[in-house]
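Inspection log for the structure reproduced underneath, given as structure tokens.
Chain identifiers are assigned alphabetically (A, B, ...) following the order of the sequence lines, protein sequences preceding nucleic acid strands; residue numbering begins at 1 within each chain. Side-chain atoms are counted along with the backbone in the values below, which use heavy atoms only and exclude waters and symmetry mates.
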Amino acid sequence: MPDLLPRASGRPLLRSERRSGHRPALLAALLALAVGCGGCQRLPVNLQVSISPGAGADRLSSESLNRLASQMAREFMQNNPGVNLHLRYIPEAQVLDTLSARSSLGVGPDLMITRAAPAQALVQKGLSRPSDLEPAQLDPLAIKYLQGFRQGNRYLALPFLVQPSLACYDRRRISAPPQRLDDLVSLAAEGKHIGLPLLFNELLWTSTGFGAEDPLIRMLDGARTSNGKPGLEPADRKAALAWLQWLYRANVEPTLKFLDNGDELVQALETGTLDWISCNATAISRLRRDLGGNLAVSPLPRTNDGQPSRAFARLLLISFGRDSNPEERRVAQKFALFVLNDFSQNNLMERAVGNMPVNQTVIVPVKNSPELAAMEQSLASSIVPNFRSGVGATRLAQPISQVLKQTIYGELSPAQALQQIEALAGASQPEGQGR
Amino acid sequence: MSELLFLIGGWFGMLVRGSVLLQLAILAAVFLLHLAWKRRRRPSLASWQPVLAKLVAIGVLVLAAALVALPGLASGLIILAAQLLGVWTALDGLRLILRRFQNVDAVESYWFRAVRPLFLVLALLLFIDRFDGLQAIADVRLIAMFGEQFTLGGAVLLVSLPYFLVVLSELPVLLLGFLLQRLMGLSAGNRKVFELIFRYLLIGVGVLWLANQVGLNGNAIAAIAGGLSVGLGFGIKEVFSNFVSGLWLLFEGSVRPGEILLFEGDPAEVRRLGLRAATLWRDRDNVELVVPNQTFFTAATTTTYTGTDRMRRSEVQVGASYRHDPDRVIALLEEVARANPRVLPQPAPNGLLINYGDSSIDYALRFWIANPMDDPAISSEVRRAIWHAFQDHEIEIPFPQRVLHNNADA
């Protein structure tokens, strides 16, 4: 028979209940803390935003983007009292490891701005979660490229800004930009110094005219041949071999140089070592600082049959973190809508040179700016990576670039190089995961 | 400063996330339980019980992390804490093992002064790095100084690095000194000189690196140097003088750790030669004398027993009656000295007749000993042996005496 003690409310209290009377209160307090600080509604919402816009050639442009991001954050905080935005810049090479480590603690960011390949890796690792924004909120913004990130009726990431590829040259040395790929080689033969990047995804535009671009992109995205194996169909293989042979022959031209990355190309144009380079639009501000009015930009040369070359454009994406509480998530989505609205997108386009809006309601003043005109023209034919297409070429860019390097220096024959590229594509896609 | 407050506010936002709070609650519970156990048992420093208790705590944390991860909640904070506790436990175990083979006081001193603070600082930095990125935190601007932004990272370095430079430089320098002594056959004194100089060098380089890291530019250093030169002229002249004297004495080799000096009439061993002062140990009353370095530098003479060798010549004086043959007495004295095992046989003990006194013929017995600090004890032994030898050979040690001549008899 348990020992009963009198209780004012009627039901007698068991001794054991009395002894542990403080425990429910403690547990309740802990639970209240654990479920998200119910009593803290009036505390400011602190939003963590990580930004990894890339490195290398666009370092300076990234800095200007970062400055603008800080400015936008300030404007957002002014319009939303009680919200604190904390921006953190993480180098692209470290973004996956860093965010993975933070998320394992439960302190991952609420919002992440990255390029497409890291954004897809974040989705695959479960470090980001789809947007909860409704079509009614997104439709008025008329966001370009959005469908490439759709999963069911939600979006895994939201396009934020797009950075097209261009041709940058010194107008003192080259009066008119080369119109076709052959013109580029001819220009080199005339003694003009031409520079191309040896980074696969940035060089791939030269393969458009050979008909190799789309098959290579498809293969690197995991597509299988008709016999179910990773690789290229015979006709596509022929096209790819023709492109690799062109690369090898082009390198024979002494004034046509292949440099390791875009940063080296930009430096060479700055110092006058090169006269013409293929560049990303984000390099414009840096080049403008050194070359001033002598810098000219144009779309990349067309194919030899007059079709526009299709270069990869860089796309910055907004992803939502998985560790946010409901309030942080709500504010994160509000901030995403803020940076995608006409005002912010227009602001970014005008002040962070090289960044084009994804909001289609923003009018690009092409008549006032030849640079914007070139970017707009380039974008029209660009390949903009999304989670369905183009990310593989970016992800495998480094190892394939090594193969290309060996090809242009004659260490590998084009056939051997293609074999290695196919092997890399196959290795990156486990059996049964091809599309 | 507002940037720092803003940053801390951001952390608070992350800390009140449900999954983080749950992990913190688990960590706090395990910590409090461990603390309660420690208070109840009060284990000694030499006990293995705390190590076992920490292993239990690690087990509990790993189990808790697994339970938290089951519904898909974040558990990295608990795992990180368990990992750090694992490293801490391993270090604690190492300390207990070292206590068996090394000097306990030295092990505990290094543990409390170096290992523990360093581990805590590194653990804190690791937590911050995982939490929000160390670089972002280090770059937080506090104030502008000499035209440079003084950052949070610089402030932390400024506070912590000098301490760790001084404390942590001790062990590697000792190891290097040991290695050099073995390889190059350095004497103990020279080894200590080398260790001290290398340590000063290490600290000096560290301080310069620190100045560079906290953003002190050349102009700022020039300004500080200008200020210092005024300061040297007035307030810190003595400090600087002592520092330079210490360095000079090291090079000169007259006052090195291990040397035995005659200081204020007593032999004293040099224990340490610091930046400002030397620490001398006096045997007779077991006191440590902290003597400013410049005392030795400016003194006309510094008497050392250990300059060329460590031998000391001691002397005992005794008087014997006029009726005894001096040759016999001297032979006996030398025999007594030779009989003492702590008196060196070479150079041989030497008896001397030093004076014809009023009451006695005065003799001196000079002999050599190996350790200058043993002089009072050995001299006492020799004096006692002389008494016994004189007793055995019926040699009188006369009292003071005076011969009175009575004129009346004449």
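A salt bridge is defined here as a Lys NZ or Arg NE, NH1 or NH2 lying under 4.0 Å from an Asp or Glu carboxylate O, and R17(B) with D110(A) meets this definition.
Taking 4.5 Å as the limit, some side-chain heavy atom of H86(A) sits within range of a side-chain heavy atom of F6(B). By the 4.5 Å heavy-atom criterion applied to side chains, R88(A) and D132(B) are counted as neighbours.
Within a 6.0 Å sphere centred on CD of Q71(A), heavy atoms belonging to other residues, nucleotides or ligands number more than 12. Around the CZ atom of R41(B), the shell of radius 6.0 Å holds no more than 12 heavy atoms that belong to other residues, nucleotides or ligands. Atom CZ of F112(B) is surrounded by more than 12 heavy atoms from other residues, nucleotides or ligands within 6.0 Å.
The heavy-atom pair separating V107(A) from V20(B) by the smallest distance is CG1-CG2, 3.8 Å. Taking every heavy atom of both residues into account, R130(B) and A101(A) meet most closely at CD-CB, 3.9 Å.
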Run Q48(A) and M14(B) through side-chain contact (heavy atoms from CB on, under 4.5 Å) and show every step you take.
CA-CA 8 Å; Q48(A) 307 292 329; M14(B) 290 191 280; 3.9 Å; yes
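Neither the backbone nor the side chain of L47(A) comes within less than 4.5 Å of any heavy atom of chain B. Contacts between S50(A) and chain B at a heavy-atom distance below 4.5 Å are absent for every atom of the residue.
Put simply, CG on N84(A) and CG on L7(B) are 11.0 Å apart, with the number rounded to the nearest 0.5 Å. Taken from CG in L77(B) to OG in S104(A), the straight-line distance is 8.5 Å, to the nearest 0.5 Å. In this structure, CG on N46(A) lies 11.5 Å from CD1 on I8(B), to the nearest 0.5 angstrom.
Interface remark: of the candidates A74(B), G10(B), G13(B), G10(B) forms the most heavy-atom pairs closer than 4.5 Å to chain A.
Annotation: residues 117-126 of chain A contacts chain B through no residue [non-hydrogen atoms, separation under 4.5 Å].
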